[in-house]
Amino acid sequence: TPAEYFKAHPTNDRMDFTGWKQPEPTKVIPVSYLPSSLLITDTHRASNNLFRFMAKEFGNDEANRVFGAYHVGTSRHWRNNDGLATTFPQIDDKGQLCQLKVMAYHPAIGKRMKKQDQADQAANTGIFIFLVSAVVFGVCGFLLARPFFLAQTDIQPIVDYGTDYARICLGLSIGIFSQFCFERLLQSTGRTVYSMITQLIGAVINIILDPILIFGLFGSPRLEVAGAAVATVVGQIVAALIGLWMNLRFNQDIRIRLRAIRPDRAVVREIYRIGVPSIVMQSIGSIMTFGMNKILISFTDTATAVFGAYFKLQSFIFMPVFGLNNGMVPIISYNYGAARLDRVRDTIKLTATVATVIMVIGCSAFNLIPGVLLGFFSPSAEMLAIGTVALRVISYSFLLAGFDIIAGSVCQAIGNPVYTLICSVCRQLAALLPAAWLLAQTGVLDLVWFCFPISEVVSLVLSIFFLRKTMRAAEAKIGAPQN
C-alpha cells in the first residue's frame, strides 16, 4: 500500500509514485488429493499386524468395527513379522483424503516397530539362522565326512586324516558360524576395526596352537592332523566370543536379546532371497575343488597336492583384486543411484585396469619363479616337476580373470546379481570341469591344466556380454550420463 511504501522510504517525495508497484497477488497452489477408494477397499486386513493383534485381544468383530470407523487400512508394500503394515488416513474438513501415514506394528504385542526394531529383528533372526546352520553342518560333518573322502580316494591315511579333521571342524562349526555372524554385524554398522580385531585374534590363536597340538609341544598330547583341527576350532570359538562381547559392548545400533533369537518367516525369506546367489557362488568353489581332485587323483596323488598348493598361492594374487573389488562396489552403487553413469564408467575403467596390472604381476611371478613359490611346501622332485608346468599354464588365466571379477561385481552393484551368478557357474563349473575331463582323456596331465585358461575365455565372453547389457539397461533407465 502507499502507506507502507512511504514508511519504508521516508525521504521520497510523497507525490512521487514512480517507484511503487502494486504487489502481485499470492499464488494459490492447488491441493492434490488421494482417491477416496483407498478408504473403502481393504482386502488384506486379515494380514494387517495391528488388526491381528486387536483381533486376538478384542475379537474380530470389535477389531473390524474400529478399523471401519476410523478408516484404518493396510499397506501391501511394507512387510514385517510375516504381516503387513497399517495405514492411517488424514482427512480434511471436506472429507477429502489428503494422505496416508504408514506404520508397522508387532502382531504379538501391538507395539509400533521403528527402524531400530526392524534392525534388531533382522540381526536376531540372522543369529538364529547361523545357529541352526551350525547344527545342520555339524550333523552332516559327523555322518558324511568319511563317505566324502572315500568318494575321492581309497588311500587309507588320507581318508583317516581327512575324516578326523572334517569331523572336528564341522562338528564344532558353531565357532566359525558365530564368528562370521558377529563379525558381519559389526561390519554392517560400520565398526570394521572391531571386526578386524576378532579375525586377527582368531588367526593368531590358531597359529600359536597349531604346532603345539600337532607335534605335542609343552607337554600337550601329539594330535597330528586332529591337532590342527582343534587349533582352528579354538581360534574360531574365542573369536566368536570376543565378537559377541564387542557387539554387546560397542555396537549400539543393534540390540542382541536372547529371547529375540527366534525365526521370523518374512525376515528369513528376505535373508535367503538376497543371500542365495552368494551361497551358490561360495559353494561353486567347493564343488569345483571336489571335481578337480577326482580328475587329478586318477593321474597321481601328487597332482592333487600341486592343486592344493596352487590354491594357496593364488590367494596372494586374487586377494588384492577382491579388496579392490569391495572398494569399487559401493562407489558404483552410489553413482548409479545419483544417475552419474560417467563416474560409473570411469570407476569401471580404473578398477579393471588396476586389477589387470595386479594379475599381470601374478602371471609373471608364476612363470618366472614357480620353483621358488613351490618351495614353501617342501616339494618332492615329482611335485616340483608337475607344479612348475601347472603354475605356468594356470597363470595365463590370470590375464583375463581380473576383468571378469570386476565385470561381475559391476553387474551385481547395479542390480543384476543373476548375471554374476551365471558367469561364476560357467567359470568354475560349466566350462572348467568338462574341459578338465575332456583333456584328461588324452592321458597327459600337463594338458589338464589348460582347463583354467579355457574357462576364463568363456567367462570373458559372458562378462563382456552381460556388462554391456547391464550398462545399456542403466542408460535406458537413467538417460544420458551427466557431467
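Quick caveat, the model's predicted, so the values are computed rather than measured.
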Going by atom types only, do S395 and N367 share a side-chain donor-acceptor pair under 3.5 Å?
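The answer is yes; a qualifying pair exists.
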Enumerate the residue pairs fulfilling salt bridge (charged side-chain N to carboxylate O under 4.0 Å, His left out) with a member in residues 417-442, sequence neighbours excluded, ordered by first and then second residue.
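Every pair satisfying salt bridge (charged side-chain N to carboxylate O under 4.0 Å, His left out) with a residue in residues 417-442: R427-E456.
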Kindly state each residue pair satisfying salt bridge (charged side-chain N to carboxylate O under 4.0 Å, His left out) with at least one member in residues 350-371, sequence neighbours excluded.
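Qualifying pairs, neighbours excluded: none.
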Answer yes or no: does atom CD1 of I394 have more than 12 heavy-atom neighbours from other residues, nucleotides or ligands under 6.0 Å?
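Counting neighbours around CD1 of I394, more than 12 heavy atoms of other residues, nucleotides or ligands fall under 6.0 Å, so yes.
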Taking atom CZ as the centre, does F299 end up with more than 12 heavy-atom neighbours from other residues, nucleotides or ligands that are less than 6.0 angstrom away?
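Result for CZ/F299: enclosed.
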F366 and ring pair (Phe, Tyr, Trp, His ring centres under 6.0 Å): which partner among W449, F398, F452?
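Result: among W449, F398, F452, F398 is the only option passing the ring pair (Phe, Tyr, Trp, His ring centres under 6.0 Å) with F366.
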Aromatic contact between F148 and F290, with the criterion being ring centroids under 6.0 Å apart: yes or no?
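F148 vs F290: aromatic centres under 6.0 Å.
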Start with the C-alpha gap between N48 and T86, add the side-chain angles, then the distance that decides, and say whether side-chain hydrogen bond (donor to acceptor under 3.5 Å, both in side chains) holds.
CA-CA 6 Å; N48 187 306; T86 305; 2.8 Å; yes
I'd like to know whether F376 forms a side chain to side chain contact (heavy atoms under 4.5 Å, CB included) with K312, so could you lay out the CA-CA distance, the side-chain angles of the two residues, the decisive distance to 0.1 Å, and finally the verdict.
CA-CA 11 Å; F376 292 108; K312 292 179 174 64; over 6 Å; no
Is the side chain of [X] donor-acceptor paired with the backbone N or O of [Y] at a distance under 3.5 Å, no angle test?
X    : Y    : answer
S455 : L432 : no
T442 : L439 : yes
S173 : A134 : yes
N325 : V321 : no
T356 : A352 : yes
S298 : I295 : yes
D120 : R255 : yes
N293 : T304 : no

Show the nearest heavy-atom pair for residues I414 and M471, with the distance to one decimal.
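In terms of heavy atoms, the two residues are closest at CD1-SD, 3.9 Å.
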Using every non-hydrogen atom in the two residues, find where V329 and S409 come nearest and quote the distance to one decimal.
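Of all heavy-atom pairs spanning V329 and S409, the closest is CG2-CB, 4.0 Å.
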If you round to the nearest 0.5 Å, how far is OG1 of T353 from CZ of F403?
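The OG1 atom of T353 is 10.0 Å from CZ of F403, to the nearest 0.5 Å.
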Return the CG to CD1 distance between N247 and I256, rounded to the nearest 0.5 Å.
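Those atoms lie 4.5 Å apart.
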Would you say that [X] contacts [Y] through its side chain, given a criterion of any heavy-atom pair below 4.5 Å between the two side chains?
X    : Y    : value
R262 : N124 : no
I287 : Q428 : no
L144 : L170 : no
Y272 : I129 : yes
K469 : Y419 : yes
Y161 : E224 : yes
L296 : V448 : yes
L186 : F250 : no

Evaluate side chain to side chain contact (heavy atoms under 4.5 Å, CB included) for V357 paired with I361, printing each intermediate quantity in order.
CA-CA 6 Å; V357 169; I361 295 172; 4.3 Å; yes
Report the residue from T347, D342, I348 that forms a side-chain contact (heavy atoms from CB on, under 4.5 Å) with V344.
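The side-chain contact (heavy atoms from CB on, under 4.5 Å) with V344 is passed solely by I348 among T347, D342, I348.
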Which label fits F307 and F311: parallel for a plane angle under 30°, tilted from 30 to 60°, or perpendicular past 60°?
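Rings of F307 and F311: perpendicular, over 60°.
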Assign the ring pair F137 / F177 to parallel, tilted or perpendicular, where the plane angle (0 to 90°) is split at 30° and 60°.
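F137 and F177: tilted rings.
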Does the side chain to side chain contact (heavy atoms under 4.5 Å, CB included) test come out yes or no for T351 and I331, once each step is laid out?
CA-CA 11 Å; T351 51; I331 297 175; over 6 Å; no
